[in-house]
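Here's the structure, in structure tokens; my notes come after.
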Amino acid sequence: MSQFWLMKSEPSECSIDDLAAAPAQSVPWIGVRNYQARNFMRDQMQPGDGVLFYHSSCPEPGIAGLAEVSRLAYVDASQFDPQSPYFDAKSKPEQPRWLHVDVKLRRKTRLLALNEMRQRPELASMRVLQPGNRLSITPVSPEEWQAVLALLG
DNA sequence: GCCAACGTTGGC
DNA sequence: GCCAACGTTGGC
């Protein structure tokens with residue numbers, strides 16, 4: 001029984017086109033430094049889970065494609081690299097804090113813009129639309145997933 | 001660039 | 001364990 005997720009990515013870091021151009025159309029979801037988001041990846045995400053690939057912090061925020069989890073969570077090497085923007089001096093190799101899954105493209109879609117999402121009553125329950133939400137990874141219910149698919153056509 | 005929301009840190 | 005200060009997120 002697979003689950004569904006919405007994952008935010010800044011297009012300047014990794015856009016849907018970057019995902020499409022990546023080897024095997026798969027990218028390591030490195031850099032998550034929030035415990036709730038980490039716990040979703042570590043404790044719940046399974047290969048085959050559906051992912052709404054969301055563009056954030058950009059001129060047109062919204063869902064840009066469909067993807068899936070392609071690898072179980074494993075250690076995020078960037079936390080140990082002092083040169084990396086994701087370096088975490090408090091994380092020790094014998095007890096790594098941060099893990100990540102891999103995400104693989106299913107298909108690029110039309111952009112389902114944030115403002116359109118807000119106008120759709122069937123999406124009103126989505127966590128990403130709740131006021132003050134900042135989580136970069138949020139669970140999506142089967143109903144919400146189906147509603148998004150219907151809107152994407 | 002602003003600012004509201006909220007997670008994290010650290011002193012007590 | 002509380003909570004104020006601070007930093008980050010992310011839409012606008």
Side-chain angles (χ1 to χ4, degrees), chain A residues 3-22 26-45 49-69 73-141 143-145 147-153:
Chain A
Q3 301 186 83
F4 304 103
W5 308 93
L6 181 143
M7 299 176 80
K8 295 181 188 173
S9 181
E10 301 188 15
S12 59
E13 294 288 317
C14 180
S15 70
I16 193 75
D17 291 328
D18 294 330
L19 181 60
S26 180
V27 295
W29 208 264
I30 61 164
V32 170
R33 295 295 180 267
N34 171 282
Y35 290 104
Q36 271 184 275
R38 180 205 65 181
N39 292 350
F40 286 140
M41 290 197 285
R42 186 189 63 186
D43 304 336
Q44 296 192 43
M45 286 184 161
D49 279 6
V51 171
L52 303 175
F53 191 99
Y54 179 94
H55 283 172
S56 69
S57 292
C58 60
E60 287 189 294
I63 294 167
L66 300 174
E68 66 183 46
V69 175
Y74 58 107
V75 173
D76 185 339
S78 68
Q79 68 195 302
F80 304 125
D81 175 6
Q83 307 305 315
S84 168
Y86 305 124
F87 179 62
D88 181 351
K90 294 180 184 170
S91 183
K92 299 298 163 207
E94 58 274 18
Q95 200 174 10
R97 275 189 190 185
W98 305 112
L99 301 94
H100 65 86
V101 298
D102 287 355
V103 171
K104 187 176 79 175
L105 183 69
R106 280 188 187 164
R107 65 182 171 96
K108 186 176 174 179
T109 63
R110 77 175 179 94
L111 185 83
L112 178 57
L114 177 61
N115 58 22
E116 181 179 352
M117 294 171 70
R118 289 197 193 286
Q119 288 165 15
R120 292 290 178 175
E122 65 270 36
L123 301 187
S125 62
M126 288 188 74
R127 189 113 166 237
V128 73
L129 300 181
Q130 305 313 307
N133 168 76
R134 294 186 313 173
L135 256 191
S136 63
I137 299 175
T138 49
V140 171
S141 74
E143 294 76 17
E144 292 161 351
W145 174 266
V148 169
L149 288 195
L151 289 169
L152 290 173

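So you know, we letter chains A, B, ... as the sequences are listed, proteins then strands, and number each from 1. Only this structure's heavy atoms are used, side chains among them; waters, hydrogens and symmetry mates stay out. As the structure is a prediction and not an experimental result, all values here were calculated from the model.
- Rounded to an integer number of Å, the gap from A:R38 CZ to B:dG7 P is 15 Å.
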Write out a two-atom table: protein N or O, nucleotide N or O from nucleotides 10-12 of chain C, distance below 3.5 Å.
residue	atom	partner	partner atom	Å
C:dG10	OP1	A:K8	NZ	2.7
C:dG10	OP1	A:R134	O	2.7
C:dG11	OP1	A:Y54	OH	3.0
C:dG11	OP2	A:S57	N	2.9

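- The distance between atom NZ of A:K90 and atom C1' of B:dG7, rounded to the nearest whole Å, is 13 Å.
- At whole-Å resolution of the value, CG in A:N39 and P in B:dG7 are 13 Å apart.
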Go through A:E13 and A:K8 one step at a time and tell me if the salt bridge (Lys or Arg N to Asp or Glu O under 4.0 Å) criterion holds.
-> CA-CA 11 Å; A:E13 294 288 317; A:K8 295 181 188 173; over 6 Å; no
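- A distance below 6.0 Å separates the ring centres of A:W98 and A:Y35.
- Atom CD in A:Q36 sits about 6 Å away from atom P in B:dG7, given to the nearest Å.
- Looking at A:S91 and A:Q79, their side chains do bring a donor and an acceptor atom within 3.5 Å of each other.
- The distance from atom CD of A:Q130 to atom P of B:dA4 is 20 Å, rounded to the nearest whole Å.
- Here A:F4 pairs with A:W145 under the ring pair (Phe, Tyr, Trp, His ring centres under 6.0 Å) rule; sequence neighbours left out.
- Results of the side chain to side chain contact (heavy atoms under 4.5 Å, CB included) test with A:M7 over A:V140, A:T138, A:I137, A:V32 single out A:I137 as the only residue that passes.
- Of the N and O atoms on the side chains of A:Y74 and A:D102, at least one donor lies less than 3.5 Å from an acceptor on the other residue.
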